[in-house]
Amino acid sequence: MTLPRDFYARPTLEVAADLIGKVLVHETARAITSGIIVETEAYIGESDPACHAAPGPTVRNAPLYGPPGFAYVYLNYGIHYLVNAITEPEGSPAAVLIRALEPLEGQAMMRRRRQAAASLSASSLCRGPGNLSRALGISLKHNRSDLTHSTLRIEDRGLVRRDVVWGPRVGINVGVEHAWRCYAAGSEAVSLFKPGTRASRRRSQPSG
DNA sequence: CGTTCGATGCACT
DNA sequence: GTGCATCGAACGT
């Protein structure tokens, strides 16, 4: 079943944990692509410096202030679309970023959309927030779409509950003190899975 | 194996 | 004009 709105109208950390093991689905005329959510991050309120609501309401971050259960999609680094699910009651700006999926349906279409080499493993197809958007064909036009009533949705398929691990959010330089990243223990589809390689990436600081 | 850096577009100042 | 909630190629060990 598709997750109802009250699933999202809760504290963001609860939603972030409960989304692990649910299924993100994008249905088009051509194909259904879907995957099991194995990694999320919470972005909570104007006091969270890494949250897009930190500067207060703007045109861009308006979906964060809207009702829960809607998608907040935006372009990052000019290249990647990032998918969030709006949480908490309307007026309380918060969201969960979906960072990685284990591919379920439509793997052939995912490979086509990503123009992936045949050697690319299935667990790499939707590893990372930019990659999963590309594999599922999600773009800016999905911003503000209703995750409870649209071709882009999140379903509960009654899959076995996963062990969930919390850690610091990645890819940001502020708000690092919060352990608001959450992932399924042992999943190879989780981003930065290989210890010591991808995990050690850091943004270089301009030196004076 | 580890780390660095360019691509690329838009919101915000 | 600046700085991103990223990715992967390229380079140095």
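Every chain is numbered from 1 and lettered A, B, ... according to where its sequence line falls, protein lines coming before strand lines.
Checking the phosphate oxygens (OP1, OP2) of C:dG3, no side-chain nitrogen or oxygen of A:N173 falls inside 4.0 Å. OP1 and OP2 of C:dA5 both lie 4.0 Å or more from every side-chain N or O belonging to A:H80. In this structure, A:R134 does not reach the C:dC7 phosphate: none of its side-chain N or O atoms is under 4.0 Å from OP1 or OP2. Residue A:R114 has a polar side-chain atom (N or O) positioned under 4.0 Å from OP1 or OP2 of C:dG8.
The aromatic ring of A:Y77 does not sit over the base of B:dA7, since the test of centres under 5.5 Å and planes under 30° is not met.
Taking the C1' atoms as reference points, B:dC10 lies 22 Å from C:dG8, given to the whole Å. Nucleotides B:dT3 and C:dA5 place their P atoms 23 Å apart, quoted to the nearest Å. Nucleotides B:dG6 and C:dT2 have their P atoms positioned 16 Å apart, rounded to a whole Å.
The side chain of A:T58 lies closest to B:dA11, out of C:dG8, B:dA11, C:dA5. When the nucleotides B:dA11, C:dC7, B:dA7 are ranked by their closest atom to the side chain of A:R60, B:dA11 comes out on top. Taking only side-chain atoms of A:L82, from C-beta outward, the nucleotide of B:dT13, B:dG9, C:dT6 with the closest atom is C:dT6. Looking at the side chain of A:N131, the nearest of the listed nucleotides B:dT8, C:dC4, C:dG8 is C:dG8. The side chain of A:L75 lies closest to B:dG9 when the candidates are C:dC7, B:dT8, B:dG9.
Under 4.0 Å is where a charged nitrogen must lie from a carboxylate oxygen, and between A:E88 and A:R10 no such pair does. Between A:E105 and A:R157 there is a salt bridge, since at least one side-chain N of the basic residue sits less than 4.0 Å from a carboxylate O of the acidic one. In this structure, A:R153 pairs ionically with A:E27, as a charged nitrogen and a carboxylate oxygen lie closer than 4.0 Å. Under the 4.0 Å criterion applied to side-chain N and carboxylate O atoms, A:E90 and A:R5 are not assigned as salt-bridge partners.
Atom pair A:Y81:OH and B:dC10:C1' shows a separation of 11 Å (rounding to whole Å applied). Distance A:L120 CG to C:dC7 C1': 12 Å, rounded to the nearest Å. Between A:H52 atom NE2 and B:dA11 atom P there is a gap of 12 Å when expressed in whole angstrom units. When rounded to the nearest whole Å, the span between CZ of A:R169 and P of C:dC4 equals 14 Å. In this structure, A:Y183 places its OH atom 17 Å from C1' of C:dA5, rounding to the nearest Å. Counting to the nearest Å, the P atom of B:dC12 and the OH atom of A:Y74 are 12 Å from each other. In this structure, A:H178 atom NE2 and C:dA5 atom C1' are separated by 15 Å, rounded to whole Å. When the P atom of C:dG8 is taken as reference, atom CG of A:L125 falls 11 Å away, rounded to whole Å.
Within the 4.0 angstrom heavy-atom criterion, only backbone atoms of the sugar-phosphate kind lie near A:I172; the bases stay farther away. Residue contacts shown for A:R99 are limited to sugar-phosphate atoms, with no base heavy atom under 4.0 Å away.
Judged by atom type and distance alone, A:N61 does not reach the base of B:dA11 through any side-chain donor-acceptor pair under 3.5 Å.
Taking a pair as Watson-Crick or G-U wobble with both distances under 3.5 Å, the runs of three or more consecutive pairs in DNA chain C are B:1-7 with C:6-12, B:9-12 with C:1-4.
Considering all non-hydrogen atoms of both residues, A:A42 and A:R169 come closest at O-NH1, 3.0 Å.
At a threshold of 4.5 Å between non-hydrogen side-chain atoms, the residues A:R181 and A:T40 do not count as touching. For the pair A:N84 and A:V96, the minimum side-chain heavy-atom distance is 4.5 Å or more. Side-chain atoms of A:R134 and A:I79, non-hydrogen and from C-beta on, never get closer than 4.5 Å to each other.
Residue-environment remark: CD (A:E177) exceeds the threshold of 12 foreign heavy atoms within 6.0 Å.
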